[in-house]
There are 2 protein chains.
Amino acid sequence: MKKTGKKLPAGRTTFRHGNLREALLNAAIDLAREGGPTAVVLREATRRAGVSPNAAYRHFENHEALLHAVRATALATLARMIEIEMVQAKRIRKPAESARAALRAVGTGYLKFALGETGLFRAAFSVREPVANDHDPEKQGDSGLNPFELLSSALDQMTQAGVLPKSRRPHAEYLAWSAVHGMAYLVIDGPLNAASPKDVEHLAERLLLMVEKGL
Amino acid sequence: MKKTGKKLPAGRTTFRHGNLREALLNAAIDLAREGGPTAVVLREATRRAGVSPNAAYRHFENHEALLHAVRATALATLARMIEIEMVQAKRIRKPAESARAALRAVGTGYLKFALGETGLFRAAFSVREPVANDHDPEKQGDSGLNPFELLSSALDQMTQAGVLPKSRRPHAEYLAWSAVHGMAYLVIDGPLNAASPKDVEHLAERLLLMVEKGL
DNA sequence: TTCCTATGTGGACAGTGTACACGTCTTTTG
DNA sequence: CAAAAGACGTGTACACTGTCCACATAGGAA
């Protein structure tokens, strides 16, 4: 009798894991969810997957690569969050109202994500790597657009509906995103940290009005 | 003969360092300047100060405390950056114009800091700890105000000059800061990373107009 | 001078990312 | 169908980190 099962790390019967990459990524996502990007520890991920530390290197070039993967799925989640908010906007008949609602959907989706999935939000944006012009499918929502592109599309709707003058359309996403991203930061790490959800909602309302009006 | 100079870590003759705290802080600031908050490594700071790792614990409770100190000086630097921009605004006679200029000074100072001292900027804002209602002198500029308070004062000027309706004054700093902070982020880590300084300047201009108009 | 106390050193430990050499299984190929 | 090839995991080891503990050294107060 050949003692094949020499020392298979408890909890597994086969030498091969099956789909370790996914297991590692999920573990890493959980870690990020619980403690943000700094909590994404390669060794801990392998531990949770029931595998030796070095096994990770067969699926991710290094720690950074793992973090980038987490970031990608975080962005995809954000995109879906925004898409959900957009559903209602699309139902609105009047194009002008619908477009405006779409823009606000981006804002509210963004903020909901920042508040509801703070760890993932941090992981998504603490890594240095531009989002625009990045068509990585891993970063997209169900519509095939990443968060930045969703914002762009909302702004496009607005120009088409005549709400946003064509002359002010170019690069408008940067202005809108600045406002929303900045507020997300203030809420999770800044002075609005202690504010009540009600206050935050109210401020977000005002912020989006400012954007609409000032754009 | 008593071999007093047993093993004084080369480059120093006295057992005491003199002002190690400052030396460590300066080293840590340099590290942050070069590589952001993650580059602030306690052991490296002690190395640069020519001292053993544990010596740091006589002056900072732990690594986090050191980082907080760095963050404080970074905020103070930011405050001074803003104050410099504000000088010109104060020279303007017409109150309305002067107030508006003050608000823009906050924005441009903020962005100049983010661009010129990216590492420090990251260090200042990657740490979770609200700035408002924090009257730590270490975080203030020469005027005795921290960056957040400088923004508040600019907005106050605006209401006094009648440029910003009193009804919209409350909490207006959060909206303005959101916009400016968000753009700073976009420029150093986001899609505006690759943009030319000229383009950034132009966008900043538009952003500040948006704030003025939409506030 | 003598003791107290602030300041620095040395050694140790757990935890991290990662390189290298080596087992173990699946898949392809002659 | 056996054998070689390649994919996947393990084990050991190293450098590096933050931090604890016991000890060494001086500067000032008694």
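Chain naming here is simple, since letters A, B, ... match the order of the sequence lines and numbering starts at 1 in each.
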A.B. asks: In whole angstroms, how far is the P atom of C/dC25 from the NE2 atom of A/H17?
C.D. replies: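 Nearest whole value for this atom pair: 16 Å.
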A.B. asks: NE2 of B/H63 versus C1' of C/dG15: gap in Å, rounded?
C.D. replies: 15 Å
A.B. asks: Using the six-membered ring wherever Trp is involved, compare the ring planes of B/F125 and A/Y185 and label them parallel, tilted or perpendicular (cut-offs 30° and 60°).
C.D. replies: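 Aromatic pair B/F125/A/Y185 classed perpendicular.
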A.B. asks: Mind listing the closest non-hydrogen atom pair of B/A49 and B/A23 along with its distance?
C.D. replies: CB-CB, 4.2 Å
A.B. asks: Please determine whether any donor N or O and acceptor N or O are separated by less than 3.5 Å between the side chain of A/R16 and the base of C/dC25.
C.D. replies: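 Answer yes: a donor N or O sits under 3.5 Å from an acceptor.
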A.B. asks: Any idea which of D/dT10, C/dT16, D/dG18 is nearest the B/V41 side chain?
C.D. replies: D/dG18
A.B. asks: I need the CG-C1' distance between A/L20 and D/dG9, as an integer number of Å.
C.D. replies: 9 Å
A.B. asks: Of the residues in residues 54-62 of chain B, which ones touch DNA chain C at a heavy-atom distance under 4.0 Å?
C.D. replies: B/N54, B/A55, B/R58, B/H59
A.B. asks: Is there a side-chain contact between A/R43 and the phosphate of C/dA14, meaning an N or O under 4.0 Å from OP1 or OP2?
C.D. replies: no
A.B. asks: D/dT10 P sits how many Å from A/R47 CZ, rounded?
C.D. replies: 14 Å
A.B. asks: Is the shortest side-chain N to carboxylate O distance from A/R104 to A/E205 below 4.0 Å?
C.D. replies: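 Salt bridge flag = yes for A/E205 with A/R104.
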A.B. asks: Examine distances only and state if a side-chain atom of B/E34 and a backbone atom of B/A39 form a donor-acceptor pair shorter than 3.5 Å.
C.D. replies: no
A.B. asks: Check this for me: does any side-chain nitrogen of one of A/E44 and A/R47 sit under 4.0 Å from a carboxylate oxygen of the other?
C.D. replies: yes
A.B. asks: With a non-hydrogen cut-off below 4.0 angstrom, is A/R21 in contact with a base, only sugar-phosphate, or nothing?
C.D. replies: nothing
A.B. asks: A/L42 side chain: which of D/dT19, C/dG17, D/dT10 is closest?
C.D. replies: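 The answer is C/dG17.
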A.B. asks: Look at the aromatic rings of B/Y174 and B/F148 and report parallel, tilted or perpendicular, splitting at 30° and 60°.
C.D. replies: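 Tilted.
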